[in-house]
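What follows is a short report on a single structure.
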Amino acid sequence: SQKIEQNSEALNIQEGKTATLTCNYTNYSPAYLQWYRQDPGRGPVFLLLIRENEKEKRKERLKVTFDTTLKQSLFHITASQPADSATYLCAPPRGDSSASKIIFGSGTRLSIRP
Amino acid sequence: ETGVTQSPTHLIKTRGQQVTLRCSSQSGHNTVSWYQQALGQGPQFIFQYYREEENGRGNFPPRFSGLQFPNYSSELNVNALELDDSALYLCASSQTGTTPSGANVLTFGAGSRLTVL
């Protein structure tokens with residue numbers, strides 16, 4: 001069955017460095033993939049969407065890549081700030097005929113220390 | 001443009017009881033998806049409603065049911081509550097196009113925190 005894997009260990013990095021989060025998927029090929037941010041006690045917030053025919057997408061300090069051969073998406077935050085501390089969720093659509101049901105990885109908790 | 005609102009924000013029930021959670025969609029959205037999120041886990045897809053009908057379901061038993069109303073708001077009902085049902089229940093609305101291949105970007109509410117004792 002399809003599987004989405006994110007690094008379950010928290011990622012701690014120094015302010016100003018680039019944070020890189022990984023999402024691996026197996027047993028299917030999603031047509032697109034999204035990344036969401038979730039703060040404690042809040043609902044996830046959409047950040048970026050990348051389609052299978054796009055290698056890279058950028059939005060301000062955020063960058064997402066999508067490697068359909070490796071079945072992997074990388075999420076980068078450059079010049080990281082303490083305010084970027086949150087859990088980041090990888091979210092492809094479910095692998096059935098409709099692309100509208102979104103499923104989520106377990107998330108990676110990112111902590112940026114000053 | 002109003003966002004997604006959920007009620008109640010917190011509630012406590014005992015095992016065997018029933019609960020109804022409510023969700024108002026963002027203006028202009030026609031689709032509602034419900035998720036269950038246990039502590040430290042990612043959101044798990046329960047089901048989706050489109051045009052007032054269930055449009056796909058995750059691996060949840062029939063005691064999880066829902067409704068969508070003509071104004072696109074929605075309810076999640078859980079019968080015969082179990083201890084493991086304790087979680088944050090998230091509602092997300094979106095605008096689903098007429099083609100199934102369209103991307104679906106979700107707008108979430110803040111969630112309803114359910115504790116089952």
Side-chain angles (χ1 to χ4, degrees), chain A residues 1-10 21 23-25 29-54 57 59 64 66 73 75 86-109, chain B residues 3-7 9-10 21 23-26 29-51 53-60 87-113:
Chain A
S1 62
Q2 64 205 49
K3 205 171 175 184
I4 307 162
E5 291 181 330
Q6 293 187 255
N7 191 343
S8 58
E9 290 184 15
L21 285 65
C23 174
N24 295 297
Y25 55 92
S29 298
Y32 66 94
L33 189 146
Q34 302 177 59
W35 284 86
Y36 287 76
R37 167 183 173 143
Q38 187 173 25
D39 292 287
R42 309 287 293 271
V45 174
F46 169 75
L47 296 175
L48 280 168
L49 181 152
I50 186 165
R51 298 183 186 275
E52 60 182 340
N53 61 348
E54 298 174 316
K57 202 80 166 281
K59 178 184 174 184
V64 172
F66 196 8
S73 176
F75 177 81
T87 296
Y88 291 86
L89 299 160
C90 168
R94 196 169 71 170
D96 52 16
S97 59
S98 169
S100 68
K101 287 84 174 172
I102 306 303
I103 55 177
F104 288 83
S106 58
T108 298
R109 192 166 74 246
Chain B
V4 175
T5 57
Q6 292 187 243
S7 63
T9 54
H10 295 84
L21 307 178
C23 171
S24 294
S25 303
Q26 178 167 302
H29 285 181
N30 59 10
T31 302
V32 173
S33 303
W34 284 93
Y35 292 84
Q36 179 195 67
Q37 187 174 28
L39 211 57
Q41 301 296 315
Q44 298 298 306
F45 176 72
I46 303 175
F47 43 53
Q48 182 182 88
Y49 276 82
Y50 173 65
R51 292 183 174 175
E53 291 192 359
E54 188 178 293
N55 182 41
R57 189 177 186 94
N59 189 26
F60 282 81
L88 181 68
Y89 288 85
L90 294 162
C91 168
S93 71
S94 56
Q95 178 63 28
T96 299
T98 55
T99 59
S101 60
N104 196 29
V105 176
L106 304 175
T107 301
F108 281 88
S112 294
R113 170 75 62 189

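Residue numbers start from 1 in every chain, and the chains themselves are labelled A, B, ... in the order their sequence lines are given, proteins ahead of strands.
For B:Gln6, no part lies under 4.5 angstrom from a heavy atom of chain A. Of the two parts of B:Leu90, only the side chain, counted from C-beta on, holds a non-hydrogen atom closer than 4.5 Å to a non-hydrogen atom of chain A. Heavy atoms of A:Gln38 lying under 4.5 Å from chain B belong exclusively to its side chain.
Looking only at distances, no side-chain donor or acceptor of B:Tyr35 sits under 3.5 Å from a matching main-chain atom of A:Phe104.
Checked options B:Thr31, B:Asn55, B:Asn104; the residue passing with A:Lys101 is B:Asn55 (criterion: side-chain contact (heavy atoms from CB on, under 4.5 Å)).
Of all the listed residues (A:Pro44, A:Gly105, A:Gly43), the one sharing the greatest number of non-hydrogen pairs under 4.5 Å with chain B is A:Pro44. Contacts with chain A were tallied for B:Ala110, B:Gly56, B:Pro43; B:Pro43 has the most, counting heavy-atom pairs under 4.5 Å.
Other residues, nucleotides and ligands contribute over 12 non-hydrogen atoms within 6.0 Å of the CG atom of A:Asn53. No more than 12 heavy-atom neighbours from other residues, nucleotides or ligands sit within 6.0 angstrom of CZ on A:Arg42.
Going from atom CD of B:Gln44 over to atom OG of A:Ser106 covers 9.0 Å, rounded to the nearest 0.5 Å.
The heavy-atom pair separating A:Phe46 from B:Leu106 by the smallest distance is CB-O, 4.1 Å.
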